2 protein chains.
Amino acid sequence: MRRPTLEAVATRAGVSKSTVSRVVNGEPTVASDIRDLVMRAVNELGYVPNPAARSLVTRRTDSIAVIVSDPPTGLVSDDPMFSTVVRAASREFEAAGKQVVLMLAGSDDARLRARQFVAARHVDAVMLVSMHGADPLPAALATTGVPLVSHGRPAFWEGAPWVDNDNVGGAAQAVRHLLERGRRRIATISGPLDMSAAQDRLSAYREVLSETGRRSIVAIGDFTRISGAEAMAQLLEDDPALDAVFAANDLMAIGAMRALRRAGRRVPDDVAVVGFDDIEAALYTDPPLTTVRSPMGEQAAASARLLLGLLRGEDAAPVILPTQLVIRESS
Amino acid sequence: MRRPTLEAVATRAGVSKSTVSRVVNGEPTVASDIRDLVMRAVNELGYVPNPAARSLVTRRTDSIAVIVSDPPTGLVSDDPMFSTVVRAASREFEAAGKQVVLMLAGSDDARLRARQFVAARHVDAVMLVSMHGADPLPAALATTGVPLVSHGRPAFWEGAPWVDNDNVGGAAQAVRHLLERGRRRIATISGPLDMSAAQDRLSAYREVLSETGRRSIVAIGDFTRISGAEAMAQLLEDDPALDAVFAANDLMAIGAMRALRRAGRRVPDDVAVVGFDDIEAALYTDPPLTTVRSPMGEQAAASARLLLGLLRGEDAAPVILPTQLVIRESS
DNA sequence: CGGTTTTGCGGGAGCGCTCCCTGAAGTGTG
DNA sequence: CACACTTCAGGGAGCGCTCCCGCAAAACCG
């Protein structure tokens, strides 16, 4: 009825618990005939170690929390970032023999639970994903002493290594590209300003425009399609003569293109559009979207590896991955 | 240095371990003044229960594995299904105080690890997501005796309750809609036939067409955009005169629309397109996509609730959620 | 007011594992 | 051949918690 224990295996194999433990944990100091004896007993009984008992004594759990800031509204549901990042990180962790515990830090309640969870050492380490600047969770987690890494540089907080892509360089490249195409009234749709990616992309946009003596035309979105459409409508109202728009991510660029279509503007003839991220959907818009490729999967994998390094006692410095302009037909 | 234990709290509060345990677990049989005393000690010491010790004796882990079949190729990365389903299920589980352990069952190795993981009772229950028919994992998991539920009816296997949407009804509705619009040569792009959703949608398509004496024109995709585009190209080659296509999901419909555009066909003038799922992107295609809304988030939440019910000892029957045709401008 | 039940707390065994320590063989050396 | 040294297996404490049992005091009853 009850699952076999170490002791049962030991009895069956005619050896001690210690020996079975050694075999199960792959220690080399066991004679090979005894090892075989034990392995046979393990297979016959279908023995699987009890992880709770193990981690009670080792103080390791071999699992890692991936904490994703989740909007309380269920609206922004089919977020390509989530899928790409979580999958890439999971693969990396699983390859290292770590379990992934996924936590959504949407509400204050969820954040509290996450804090407690980590404090209870239910996990050995934490990877934070897309944290907003105002979020108190990173700092709270840092006090638990658990190794921490952030996917994306956290805004307003410098307590853990992070991996980000070159938001400033990528955005600058995008805007310069529009200038080279002869566009003169270039607007931008920014992401939420409590996120560092949005801050960086916006300030790079401003920088490049002010270098060339042009003025900024800015609307703020929240990285969702719908917000991109709304921001675009606002921009057209503010400056009907604009001839280009740089959206801080592809989702908003897609929304912007719909808004432009509805307003009777042709892309790229009347208004050029450039996005950021190069999600798969950017290939399927009409026209296909010019965008800045940010290696989100790579970034997530790098974050995961950084964290695994920390766990091995290595120390870790922030990493910035390069981006690349992908020119398609929307500009 | 070391984290405070139950015993430390007990000493501090001047009570026994048992009493502290009772307070921490919210048992009502403790006098309120003693409860306050204990709570104060808990807060002063920053005590957090050790989950490993707890689950060693209770034989519960309060965590649930969500196992998602993951293609080994990292190509199909920004899958809206993944994001929606994982988020919705997570929210449901977290609300019930359960932790979510995410596992990707992409490779045989990963499947083996998942099996071992569940056999070790690292989790109390398992939710399977988008399992393919050929996958041996569900049956393997069933032998562990862990409560199991499947998001989507598994093909070729009847071992656990599941929640699905009305694939047959939805697909039939879509095809009838195309007929009502006067379309006469209606093709379909099916999903991979080892998944029940693909099977059901295809057979409903065939059913409706044969009822009206028309022939089927079928191409097979794998639920990705690119496969939709390829399948569409194939269909145009097979039957250049087709005037409508029903894609078994929106992602493939989006790919199909691109292929149609490239082939110089107008949507819906030359070819009407209907998708399935109603992902958010369906609103942003040009023209906006007619599709069958399947409540993926609801379905995931329902699966989660079903599993939580099993865990409480309730028994569970399969659930089928209704779908609804959403008519936009692509048909 | 004596006896019985109820209430509330403490004692302590035991969950299944790891890892330190001990000791018995086996190996090498002068 | 005596001795030190290495190799490899067993014994057993202890990780932090829950939960059963027991007991004292309070509450209830006729």
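Naming: A, B, ... by sequence-line order, numbering from 1 per chain. These figures come from a predicted structure and were not determined experimentally.
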Asks: Below 4.0 angstrom, which residues in residues 28-39 of chain B have at least one non-hydrogen atom near DNA chain C?
Replies: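 Listed by number, they are Thr29(B), Val30(B), Ala31(B), Ile34(B).
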Asks: Any ring pair (Phe, Tyr, Trp, His ring centres under 6.0 Å) pairs touching residues 2-39 of chain A, not counting sequence neighbours?
Replies: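 Counting only pairs at least two positions apart or across chains, no ring pair (Phe, Tyr, Trp, His ring centres under 6.0 Å) contact touches residues 2-39 of chain A.
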Asks: Would you list the pairs meeting salt bridge (Lys or Arg N to Asp or Glu O under 4.0 Å) in which at least one residue belongs to residues 13-27 of chain B, sequence neighbours left out?
Replies: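 Every candidate salt bridge (Lys or Arg N to Asp or Glu O under 4.0 Å) pair involving residues 13-27 of chain B fails, so no pair, neighbours aside, qualifies.
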Asks: What pairs of residues pass the salt bridge (Lys or Arg N to Asp or Glu O under 4.0 Å) test when at least one of them lies in residues 304-320 of chain B, not counting sequence neighbours?
Replies: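 Pairs touching residues 304-320 of chain B that pass the test: Glu92(B)-Arg305(B), Glu298(B)-Arg305(B), Arg312(B)-Glu314(B).
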Asks: Who are the ring pair (Phe, Tyr, Trp, His ring centres under 6.0 Å) partners of His132(A), not counting sequence neighbours?
Replies: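 If we apply the ring pair (Phe, Tyr, Trp, His ring centres under 6.0 Å) test to His132(A), skipping adjacent residues, there are no hits.
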Asks: Sequence neighbours left out, what passes side-chain hydrogen bond (donor to acceptor under 3.5 Å, both in side chains) with Ser16(B)? Give chain and number order.
Replies: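 Expected list: Thr19(B).
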Asks: The helix from dC1(C)-dG30(D) to dG30(C)-dC1(D): angle between its terminal axes, five pairs each, to 10°?
Replies: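 Nearest ten degrees gives 30° for this helix.
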Asks: Can you sort out the partners of Ser55(A) under side-chain hydrogen bond (donor to acceptor under 3.5 Å, both in side chains), two or more places apart, ordered by chain and number?
Replies: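 Partners of Ser55(A) by the side-chain hydrogen bond (donor to acceptor under 3.5 Å, both in side chains) criterion come out as none, since no residue qualifies.
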Asks: Just jot down the side-chain hydrogen bond (donor to acceptor under 3.5 Å, both in side chains) partners of Asn50(B), sequence neighbours excluded, or say none.
Replies: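 So Asn50(B) forms no side-chain hydrogen bond (donor to acceptor under 3.5 Å, both in side chains) with any residue.
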Asks: Taking side-chain hydrogen bond (donor to acceptor under 3.5 Å, both in side chains) as the cut-off, I'd like each qualifying pair that reaches into residues 35-45 of chain A, sequence neighbours left out, listed once.
Replies: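 Listed by first then second residue: Arg12(A)-Glu44(A).
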Asks: Can you give one letter per nucleotide of nucleotides 12-19 of chain D, going 5' to 3': B for a protein heavy atom under 4.0 Å from the base, S for sugar-phosphate only, - for none?
Replies: BB-BBBBB
Asks: Taking salt bridge (Lys or Arg N to Asp or Glu O under 4.0 Å) as the cut-off, I'd like each qualifying pair that reaches into residues 115-140 of chain A, sequence neighbours left out, listed once.
Replies: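 For residues 115-140 of chain A: Arg111(A)-Asp135(A).
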Asks: Taking the side chain as C-beta and beyond, is there a heavy-atom pair between Gln299(B) and Ser294(B) under 4.5 Å?
Replies: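 No. Closest side-chain heavy atoms not under 4.5 Å.
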